[in-house]
Novice: 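First, the structure itself, so that you have it in front of you.
These values consider heavy atoms only, across backbone and side chains, with no hydrogens, waters or symmetry-generated copies. Convention: sequence-line order gives letters A, B, ...; per-chain numbering from 1.
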Amino acid sequence: MAKQYWLMKTEPTVFSIDDLMEVKSEPWEGIRNYQVRNMLRDDLKKGDLALCYHSNSKPSGVAGVMEVVKEGYPDYFAWDKKSKYFDIKSDPENPRWFMVDVKFKEKFSRIVSLTELKEENKLSEMKVVQRGCRLSIMKIKKVEFDHIIKLSKKSVK
DNA sequence: GCCAACGTTGGC
DNA sequence: GCCAACGTTGGC
């Protein structure tokens, strides 16, 4: 199957591209949204590439690239009473939440900010630039992915 | 820290 | 199954 491309949001105060660089790979835990859950469970495939997007940040924007190294499996943090992601309604027999593992690929030499993304006509269809989008993982097109990589290499004006 | 937008919950 | 209340997200 052809490689797919994603954009995954994270709050850098919780987990950033730098943290990922240090640990090399990491379970992408704590997703508690059904639409995103379905993508994690069914759509993200090993070898897919994902942009790491820093939200609630200064500035918010794309910080680097990650690769999916383990496909959807149950989010066991939901069964851990001590975890902030504990969910009493998730039953180990019939898990409600899923996650994938991602691996560090690349940290951009600069953040490609949301403002910048919005200025690009080619990226106007991407959900992340549309207002009120609260999906923390979204599928993007190869051309969009490539375009953002290109932007990241461009020096800032 | 504010607040708009959106998702989820729960009473009916 | 509707919808108001509430919680969360995330840009600013």
Novice: Would you kindly give the OH-to-C1' distance between A:Y85 and C:dT8, to the nearest whole Å?
Specialist: 13 Å
Novice: Among residues at least two apart in sequence or on other chains, which ones pass ring pair (Phe, Tyr, Trp, His ring centres under 6.0 Å) with A:F145?
Specialist: A:Y5
Novice: Can you tell me the distance, in whole Å, between the NZ atom of A:K127 and the C1' atom of B:dG7?
Specialist: 17 Å
Novice: Starting at the 5' end of DNA chain B and moving along, which residue's nearest nucleotide shows up first, A:R96 or A:C133?
Specialist: A:C133
Novice: Would you kindly give the CG-to-P distance between A:N56 and B:dA5, to the nearest whole Å?
Specialist: 17 Å
Novice: Check this one for me: any side-chain N or O of A:K84 less than 4.0 Å away from OP1 or OP2 of C:dT8?
Specialist: no
Novice: Nearest whole angstrom, please: distance from the C1' of C:dG10 to the CE of A:M8.
Specialist: 18 Å
Novice: Under 4.0 Å: is that the gap between some side-chain N or O of A:Y53 and OP1 or OP2 of C:dG11?
Specialist: yes
Novice: Quiz question: by atom type and distance under 3.5 Å, do the side chains of A:E11 and A:H54 form a donor-acceptor pair?
Specialist: no
Novice: If I take atom CD1 in residue A:I137 and atom P in nucleotide C:dG10, what distance separates them, rounded to the nearest angstrom?
Specialist: 11 Å
Novice: Can you check the A:N33 CG to B:dT9 C1' distance for me, whole Å?
Specialist: 15 Å
Novice: What nucleotide among C:dG11, B:dT9, B:dT8 has an atom nearest to a side-chain atom of A:Y34?
Specialist: B:dT8
Novice: Do the side-chain N or O atoms of A:S60 get closer than 4.0 angstrom to the phosphate oxygens (OP1, OP2) of C:dG10?
Specialist: no
Novice: If we ignore angles and hydrogens, is there a donor and acceptor under 3.5 Å between the side chains of A:Q4 and A:K139?
Specialist: yes
Novice: Could you state the atom-to-atom distance from NZ of A:K58 to P of B:dG1 in whole Å?
Specialist: 11 Å
Novice: Ignoring hydrogens and angles, tell me if any N or O in the side chain of A:R32 forms a donor-acceptor pair with the backbone of A:R37 under 3.5 Å.
Specialist: no
Novice: With a 4.0 Å limit, can you tell me whether A:K9 has a side-chain N or O closer than that to the phosphate oxygens OP1/OP2 of C:dG10?
Specialist: yes
Novice: Report yes if the distance between the aromatic ring centroids of A:Y34 and A:W97 is under 6.0 Å, otherwise no.
Specialist: yes
Novice: Base, sugar-phosphate, or nothing: which does A:K118 touch, judged by heavy atoms less than 4.0 Å apart?
Specialist: sugar-phosphate
Novice: Rounding to a whole Å, what distance do you find between A:K89:NZ and B:dT8:C1'?
Specialist: 9 Å
Novice: Measure from the side chain of A:Q35, starting at C-beta and using heavy atoms only, and say which of B:dT9, C:dC12, B:dG7 lies closest.
Specialist: B:dG7
